[in-house]
Amino acid sequence: MCSRFELNANSRQVTARFNLLAPPGMPNRAETRPTDSALVIGVGGASLARWGLAVEWDSRPLINARSETLASRPTFRRLLGCRVLIPASAWWEWRAEGTRRIKTKLAPAKSGLFAFAGLLDGECFTMITCAAPTELAEVHERMPVILPPEAEAAWVDPAVPYAEMAPLLRPMAGPFTIEAEAPPSPVQGSLF
DNA sequence: CCAGACGTTGTT
DNA sequence: GTCTGG
DNA sequence: CCAGACGTTGTT
DNA sequence: GTCTGG
């Protein structure tokens, strides 16, 4: 599921939206993929972290954590107090249509920045997922957890027990904008 | 980052 | 070799 | 002891 | 590498 997202904003906009004390250094690109650096906001403010936890049994980064089970997974359990916000403006899923996969850009219809729920492990982070609501299920059955803005401060506060935060890990209410992106064009068209 | 696809016709 | 998706 | 999981997503 | 189940 979510293996790509966007933060289409500048440092000043992020500072204002998340009440930061100082403008953060921003990622090089708006579009973030696994292992890329992304902006994360924790109890100590904003910083850059790599997307995906390193695990011993797979060379690929562990980019998602299921909300339904993360409290019982040893890999994530130790991180339940290292909660971070991941500022974003949209994310992508791939809708299966026969054998084709249609890249689809998703965002809350109410425009503006929002925050995914993440867990930080040193310099790497993972993104928490939940079931997708009906409106999005036809695109993809899962989605990243988007926190209600009023819960963002508590989410990053390690003094707040995880048990109080767990109820937040559920599908965001819509509506959403859903934009299918143009299928990739051939690198070289036919000559005639 | 890395594994897997990358295409179609016609049909095992 | 390059692109795509997880 | 030792094979298999360990985590996700999507699904042969 | 470490943990778990048979």
Side-chain angles (χ1 to χ4, degrees), chain A residues 1-8 27-40 47-107 115-147 162 165-166 168-172 176 178-192:
Chain A
M1 72 145 301
C2 188
S3 58
R4 208 156 303 188
F5 69 92
E6 177 196 71
L7 175 57
N8 185 16
N28 294 329
R29 305 176 178 286
E31 188 170 336
T32 301
R33 307 177 179 216
T35 73
D36 287 350
S37 278
L39 192 68
V40 300
S47 60
L48 294 176
R50 300 185 94 221
W51 189 10
L53 308 187
V55 291
E56 307 238 7
W57 63 86
D58 194 343
S59 58
R60 300 151 129 179
L62 185 49
I63 61 172
N64 295 140
R66 291 178 65 89
S67 58
E68 297 91 335
T69 53
L70 88 176
S72 63
R73 297 276 188 263
T75 299
F76 301 130
R77 195 172 169 76
R78 66 195 174 86
L79 304 176
L80 294 181
C82 307
R83 303 185 298 260
V84 291
L85 307 175
I86 305 160
S89 52
W91 77 100
W92 285 274
E93 303 287 5
W94 282 261
R95 179 169 57 84
E97 186 175 287
T99 59
R100 297 269 178 265
R101 308 199 61 79
I102 312 300
K103 188 179 182 182
T104 307
K105 191 175 189 179
L106 305 170
F116 294 131
L119 296 174
L120 188 66
D121 181 11
E123 306 201 337
C124 301
F125 71 95
T126 194
M127 180 182 291
I128 301 174
T129 67
C130 60
T134 308
E135 184 184 358
L136 297 183
E138 52 193 83
V139 177
H140 198 84
E141 294 183 350
R142 305 286 298 173
M143 72 177 289
V145 170
I146 297 174
L147 293 168
Y162 171 76
M165 295 290 98
L168 299 172
L169 304 181
R170 55 189 174 76
M172 181 195 189
F176 299 90
I178 302 172
E179 299 176 50
E181 301 207 338
S185 58
V187 172
Q188 183 174 1
S190 62
L191 293 176
F192 299 103

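Chain letters run A, B, ... following the sequence lines, proteins first, then strands; residues in each count from 1. When reading the values below, keep in mind they use all heavy atoms of this one structure, side chains included, and skip hydrogens, waters and symmetry mates.
To the nearest 0.5 Å, the span separating CZ on A:Arg60 from CG on A:Leu62 amounts to 11.5 Å. Here A:Asn64 contributes atom CG and A:Cys130 contributes atom SG; the two are 11.0 Å apart, rounded to the nearest 0.5 Å.
For a distance-only test at 3.5 Å, the side chain of A:Asn64 fails to qualify as a donor-acceptor partner of the base of C:dG6. The base of C:dG6 sits with one of its N or O atoms less than 3.5 Å from a complementary donor or acceptor on the side chain of A:Ser3.
Distances were taken from every side-chain heavy atom of A:Glu56 (C-beta onward) to each of D:dT9, E:dG1, D:dG7; the shortest belongs to E:dG1. Picking from D:dT9, C:dT4, D:dC6 the nucleotide with the shortest atom distance to the side chain of A:Arg33 gives C:dT4. Comparing E:dG1, D:dT8, C:dG6 against the side chain of A:Ala65 picks out D:dT8 as the nearest. Distances were taken from every side-chain heavy atom of A:Ser59 (C-beta onward) to each of D:dT8, C:dG6, B:dA3; the shortest belongs to B:dA3.
Judged by distance alone, with hydrogens and angles left aside, the side-chain atoms of A:Ser89 form a donor-acceptor pair with the main-chain N or O of A:Asn8 at under 3.5 Å.
When the C1' atom is compared between B:dA3 and D:dT9, the two are found 14 Å apart, to the nearest whole Å. Taking atom C1' in both B:dC2 and D:dT8, the straight-line distance is 15 Å, to the nearest Å. The same atom, C1', is picked in D:dG7 and in C:dG6; the two are 11 Å apart, to the nearest Å. Comparing the same atom, C1', in C:dT2 and in D:dT12 gives a spacing of 26 Å after rounding to whole Å. Of the P atoms belonging to D:dT11 and B:dG4, the separation is 14 Å, rounded to the nearest Å.
Nucleotide C:dG6 holds its P atom 9 Å from the CZ atom of A:Arg4, rounded to whole Å. Atom CZ of A:Phe125 and atom P of D:dT8 are 16 Å apart (whole Å). Distance CZ (A:Arg60) to P (C:dG5): 13 Å, rounded to an integer number of Å. A straight line from CZ of A:Arg73 to C1' of D:dT9 spans 13 Å, rounded to a whole angstrom. Counting to the nearest Å, the P atom of B:dC1 and the CD atom of A:Glu31 are 15 Å from each other. Rounding to whole angstrom units, CZ of residue A:Arg101 and P of B:dC6 are separated by 11 Å. Rounded to whole angstrom, the span from the CD atom of A:Glu68 across to the C1' atom of D:dG7 amounts to 13 Å. Following rounding to the nearest Å, A:Trp57 (CH2) and B:dC2 (P) show an atom-to-atom distance of 17 Å.
Base pairing of B:dC1 is made with C:dG6, judged by Watson-Crick or G-U wobble geometry with both donor-acceptor distances under 3.5 Å. With both pairing distances under 3.5 Å, D:dG7 is matched to nothing as a Watson-Crick or G-U wobble pair.
With a 4.5 Å cut-off on side-chain heavy atoms, A:Met143 and A:Thr129 do not count as touching. A:Val139 places none of its side-chain heavy atoms less than 4.5 Å from the side chain of A:Ile102.
Under the 30°/60° scheme for interplanar angles, the aromatic rings of A:Trp51 and A:Phe125 are found to lie parallel.
Counting non-hydrogen atoms under 4.0 angstrom, A:Thr69 reaches the backbone sugars and phosphates but no base. Among the atoms of the strands shown, none is found under 4.0 Å from any heavy atom of A:Asp36.
For D:dT8, neither phosphate oxygen OP1 nor OP2 lies less than 4.0 angstrom from any side-chain nitrogen or oxygen of A:Arg66.
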